[in-house]
Amino acid sequence: MIRIQNIYHMLAYAFQTLQGQGYRDIGTEEFGNTADLLAEILARGVSLQLKRGLGREYVDREEALSSPRGKIELSESLKTRSILRRQLVCSYDEFSTDTRMNRILKATIMLLIRSDIDKARKKALRRLLPYFADVDDVDLVHEDWHMRFDRNNQTYRMLINVCWLVVKGLLQTQEDGSLRMVDFLDEQRMSHLYEKFILEYYRREHPELSAGAPYISWALDDGFDDMLPTMHTDITLAQGRTVLIIDAKYYSRTMQQQFDKRSAHSGNLYQIFTYVKNKEAGLADTTEPHGVSGMLLYAKTDEEIQPDGVYQMSGNQISVRTLDLNQPFETICSQLDEIAEAHFSKEAAHV
């Protein structure tokens, strides 16, 4: 189990916006469920966005008007007989708040109001709805969540991600039309949040390291790479030419079992070993000292046996560890700090 307060801190690192003054005290509050937490974040986030002003875009309109504007659609005017009403069908652009992102915000707020959350939070969300009076409704079930952010709508990035979590975590039942919680933090969504949290933690708390999630090129003899899969790391930490590649894994079971023997997931080991050897090959073009290591970092479960080992494989260190998320957040931070400090201090001394 993962405590709700820790989920807030993970979200806070994954979405740097939550580090701001408008959200900081959320981490000290108690929440009955994840929907309550996300409702509070969304209520505060939308309130802040309203102070800046809802985003606007030029929206295509076509309607019958008594005072023509834009382009007159003569064929549509004749077809609909709007001329008999002394109107013309016109198409024009309108600078409006009725944008795709605002529709998602409005629909998610309405979804939360109908869900099982605290009454005070429902009231806070209802107070926001009048500001969306000119925004149309949208069916969130069929919404395409892939969208582009730029400097004009950057403040919506975190809000849309929270909406995505809400929509994927609430399900309409067949019995009475009410909303209930499903497996809100399933492995797929938590795995993405787990990776993002670890990456952003190292970016923020360890500026001495270069933290990113880069692609690794295959070490090929002839350069032919057709049909080869891409190698996209979860977290890569680097200091000079010393590199640690971390593959973050969030599984309900951290060990595989064959007969009576438990072992680390073979596919995970093969993957991290491949990443490490190809990354090392990319650094071997000079005589400068370098070192590449890999780590499988599993979220700790309640299983009796947890993966824990350090292996020397063909000249590289591959380790398997767990991160205990069922701890006060300060303890989680200490675990992550120890990984960075132990690895890079040792590597620096070795080099």
Side-chain angles (χ1 to χ4, degrees), residues 2 4-5 7-8 10-12 14-15 17-18 22-23 26 29-57 59 96-149 153 155-193 196:
I2 301 175
I4 198 73
Q5 294 297 325
I7 295 171
Y8 167 75
M10 293 172 73
L11 286 167
F15 306 118
T17 310
L18 289 179
Y23 303 91
I26 294 179
E29 296 183 31
E30 293 292 335
F31 296 94
N33 54 46
T34 311
D36 265 317
L37 170 65
L38 295 178
E40 182 68 21
I41 292 173
L42 195 62
R44 297 196 189 196
V46 173
S47 296
L48 290 171
Q49 186 61 50
L50 289 172
K51 292 178 181 178
R52 302 185 190 100
L54 287 178
R56 294 173 178 265
E57 294 176 2
V59 179
S96 169
T97 58
D98 186 23
T99 68
R100 181 183 172 200
M101 292 183 186
N102 287 335
R103 290 176 185 176
I104 290 174
L105 289 181
K106 178 182 178 181
T108 306
I109 290 171
M110 295 174 66
L111 184 68
L112 283 167
I113 290 172
R114 301 196 307 273
S115 68
D116 183 21
I117 62 172
D118 183 77
K119 290 182 179 179
R121 294 192 176 90
K122 286 187 179 183
K123 187 176 180 180
L125 290 170
R126 284 194 184 97
R127 287 198 295 265
L128 301 175
L129 284 178
Y131 295 96
F132 292 84
D134 297 328
V135 177
D136 288 343
D137 296 330
V138 68
D139 183 3
L140 292 172
V141 174
H142 304 293
E143 183 60 46
D144 179 7
W145 294 92
H146 296 90
M147 55 192 73
R148 182 174 298 176
F149 295 93
N153 61 16
T155 54
Y156 276 79
R157 182 186 294 273
M158 184 272 294
L159 296 176
I160 296 299
N161 275 281
V162 170
C163 288
W164 180 81
L165 286 171
V166 170
V167 172
K168 298 301 180 181
L170 291 172
L171 182 69
Q172 191 163 356
T173 62
Q174 299 297 319
E175 293 82 9
D176 57 4
S178 63
L179 294 170
R180 65 178 177 85
M181 296 296 298
V182 294
D183 187 9
F184 211 113
L185 300 176
D186 66 13
E187 283 191 9
Q188 182 180 5
R189 281 183 284 278
M190 270 307 299
S191 178
H192 179 73
L193 177 59
K196 182 72 171 170

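Numbering of residues begins at 1 and proceeds along the displayed sequence.
The two residues Leu112 and Lys122 have their closest heavy-atom pair at O-CE, 4.4 Å.
Within the 4.5 Å cutoff, no side-chain heavy atoms of Asp36 are placed close to those of Glu40. For the pair Lys106 and Met110, the minimum side-chain heavy-atom distance is below 4.5 Å. Contact of the Met101 side chain with the Ile160 side chain is registered, since non-hydrogen atoms from C-beta on lie closer than 4.5 Å. Under the 4.5 Å side-chain criterion, counting only non-hydrogen atoms from C-beta, Trp145 is in contact with Val167. Put simply, the side chain of Ile104 reaches to within 4.5 Å of the side chain of Thr108, judged on heavy atoms. The closest side-chain heavy-atom distance from Tyr23 to Leu48 is below 4.5 Å.
Put simply, the side chain of Asn102 never gets that close to the backbone of Val135: no donor and acceptor are under 3.5 Å apart. Remark: the backbone N or O of Arg157 is paired with a side-chain donor or acceptor of Asn161 at under 3.5 angstrom.
Rounding to the nearest 0.5 angstrom, the gap separating the CG atom in Leu54 from the CG atom in Leu105 is 8.0 Å. Interatomic distance, Lys123 NZ to Asp118 CG, rounded to the nearest 0.5 Å: 11.5 Å. Of the inter-residue distances, the one linking Phe132 atom CZ with Ile109 atom CD1 reads 4.5 Å to the nearest 0.5 angstrom. If you take CD1 on Ile113 and CZ on Arg126, they are separated by 5.5 Å, rounding to the nearest 0.5 Å. One distance of note links CZ of Arg127 with OG of Ser47; it measures 8.0 Å at 0.5 Å rounding. Taken from OH in Tyr156 to OG1 in Thr99, the straight-line distance is 5.5 Å, to the nearest 0.5 Å.
Ionic pairing of Asp137 and Arg103 is not present here: no N-O contact between side-chain nitrogen and carboxylate oxygen is shorter than 4.0 angstrom.
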**OP:** Apply side chain to side chain contact (heavy atoms under 4.5 Å, CB included) to the pair Ile117 and Leu125, showing each step before the final yes or no.
**Re:** CA-CA 11 Å; Ile117 62 172; Leu125 290 170; 3.9 Å; yes

Subject >> Step-by-step side chain to side chain donor-acceptor pair (under 3.5 Å) determination, Ser96 to Glu57 >> reply: CA-CA 6 Å; Ser96 169; Glu57 294 176 2; over 6 Å; no

**OP:** Let me see the working for Thr97 and Tyr131 under side chain to side chain contact (heavy atoms under 4.5 Å, CB included), right down to the final yes or no.
**Re:** CA-CA 10 Å; Thr97 58; Tyr131 295 96; over 6 Å; no

**OP:** Output, in order, the C-alpha distance, side-chain angles, deciding distance and verdict of side chain to side chain contact (heavy atoms under 4.5 Å, CB included) for Leu11 and Leu38.
**Re:** CA-CA 10 Å; Leu11 286 167; Leu38 295 178; 3.9 Å; yes

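Of the residues Met158, Lys196, Met10, the one that meets the side chain to side chain contact (heavy atoms under 4.5 Å, CB included) test with Phe15 is Met158.
Annotation: Asp134, atom CG; neighbour count of heavy atoms from other residues, nucleotides and ligands within 6.0 Å does not exceed 12.
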